[in-house]
Amino acid sequence: MAQATFKPEDQKTQHFNLLSGHSIPAVGLGTWKSGSKADDAVSTAIIEAGYRHIDTAWQYGVQEEVGVALRAVMQAGVKRKDLFITSKLWCTELSPDRVRTAFNNTLQELQLDYLDLYLIHWPFHLQEGASRPPKPGEVLEFDMEGVWREMEKLVEENLIRDIGVCNFTLKKLTKLMDFAQIMSSVCQMEMHPGWKNDKMLEACKNSGIHVTAYSPLGSQGGGGRDLIHDQTVERVAKKLNKTPGQVLVKWALQRGISVIPKSSNPERIRENIQVFGWELPKEDFEALCRIQNQKRVLDGEELSVNKEAGPYRSVADLWDHED
Ligand code: NDP
Ligand code: 1BO
């Protein structure tokens, strides 16, 4: 392991403020589908590229690899307080009696003694071992208030600094805000020029909830959308002498949101955070906003929809008919 070459004062990464008073680094490393490369990817990101924000989840099956990397970078001199580590509570754990155990397991896998951010991964409760798509009865009742209370307790015990949600609709967020004693600091959602998600972005901004964009490059590679080769993205990149990946990351940052591109390739890991000290001119930002065929890449259908039995009989049901 190389010695840490980045000191906090060297960090050019910007931060966004959260409702709690904490801050979140603007660019983080995604780890979904990183597999056995997650260890090297996280080390490269932190030591060589200057990332301080890592996004992971129990469901990604890489937390042990991420934990090994986190331990190594801290041994190399990076301070825990300078890192921002996010994980997520999976759908099978969305009942009040399972939250603490799931959280402890995540903390142990990551070799940490607190998390910066813990998110509800998807807003539906699945029976353990549920099929994809779920069979009748495998999508269970979701006691959102009970689960949130347990997450709030973990904040009160200083085991988590901020809590939040992913893949929520306005309806579900409004419900949560009605009973939350500790507000959701972050709402993580799919967002890129092919799915701008304007309604949720505006709703979150109005409530002071910070937005993190997932799949910012279109999650291309495994059935996603290849925005890297979109002609508008390519044109803007060529004009600005940047890469398509940098243009897509910058588009998100200029909307005031943090962004978590995934890569397990060292060059692309470095590339994706070299997005400071320059701007997308207004006309290019707007051209990206006009990309046609607005569509989610990750609609949750396979995870949650059972056309015969519900409770979600369609993708539209899952998203509360808000799209
Ligand atoms: P991204 O949009 O980040 O795209 C990742 C893909 O793009 C990979 O195939 C990667 O390949 C490739 N790539 C990365 N950088 C570049 C580049 N500069 N040029 C060309 N190709 C590039 O997809 P994800 O869906 O992974 O989203 C990012 C992260 O968001 C996830 O990893 C996860 O942490 C989080 N997430 C959260 C969700 C939630 O429900 N809360 C849902 C989905 C994602 P390579 O690795 O070879 O570089
Ligand atoms: C099953 C999809 C989860 C990505 O965060």
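One-based numbering, in listed order, for ligands and for the atoms of each.
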Say whether, by atom type as modelled, one donor and one acceptor occur between the side chain of K88 and the main chain of T56 under 3.5 angstrom. yes
Identify whether the distance between the nearest side-chain nitrogen and carboxylate oxygen of E190 and R225 falls below 4.0 Å. no
What protein heavy atom lies closest to atom 21 (N) of ligand 1? Include the residue and the distance to one decimal. Q220 NE2, 3.1 Å
May I ask which of Q59, Q188, M191, K33 has a heavy atom nearer to atom 37 (C) of ligand 1 than the others do? Q188
How far is atom 5 (C) of ligand 1 from its nearest protein heavy atom, and which residue and atom is that? K262 O, 3.5 Å
Does the side chain of S264 pick up a donor-acceptor pair with the side chain of S34 at under 3.5 Å? no
Enumerate, one pair per line, all nitrogen or oxygen atoms of ligand 2 lying under 3.5 Å from a protein nitrogen or oxygen, stating the separation to 0.1 Å; write 'none' if no such pair exists.
| from | atom 1 | to | atom 2 | distance (Å) |
| --- | --- | --- | --- | --- |
| ligand 2 | 5 (O) | Y60 | OH | 2.6 |
| ligand 2 | 5 (O) | H121 | NE2 | 2.7 |

Tell me which protein heavy atom sits closest to atom 27 (O) of ligand 1, plus the residue, atom name and distance to 0.1 Å. S215 N, 3.0 Å
Under a heavy-atom criterion of less than 4.0 Å, does K88 contact ligand 1? yes
Under 4.0 Å, counting heavy atoms only: does N272 come that close to any atom of ligand 1? yes
Suppose we screen for ring pair (Phe, Tyr, Trp, His ring centres under 6.0 Å). Which residues come up paired with H210, at least two apart in sequence or across chains? F16
Please confirm whether D55 comes within less than 3.5 Å of ligand 1 when only nitrogen or oxygen atoms on both sides are compared. yes
E322 side-chain N/O to K171 backbone N/O, donor-acceptor pair under 3.5 Å: yes
With a heavy-atom distance limit of 4.0 Å, tell me whether C166 approaches ligand 1 through its side chain, its backbone, both, or neither. side chain
Rounded to the nearest 0.5 Å, what's the gap from CH2 on W251 to CD1 on I257? Could you check? 6.5 Å
Establish, yes or no, whether a centroid distance under 6.0 Å links the rings of H125 and F142. no
Enter the distance from E279:CD to L253:CG here, rounded to the nearest 0.5 Å. 9.0 Å
Pick one: which of W58, W148, F103, W90 meets ring pair (Phe, Tyr, Trp, His ring centres under 6.0 Å) with Y118? F103
Protein heavy-atom partner closest to atom 2 (O) of ligand 1 - residue, atom, separation in Å: L217 N, 2.8 Å
Does some side-chain heavy atom of S184 sit less than 4.5 Å from a side-chain heavy atom of L176? yes
Note: L298, heavy atoms under 4.0 Å from ligand 1, region reported as side chain
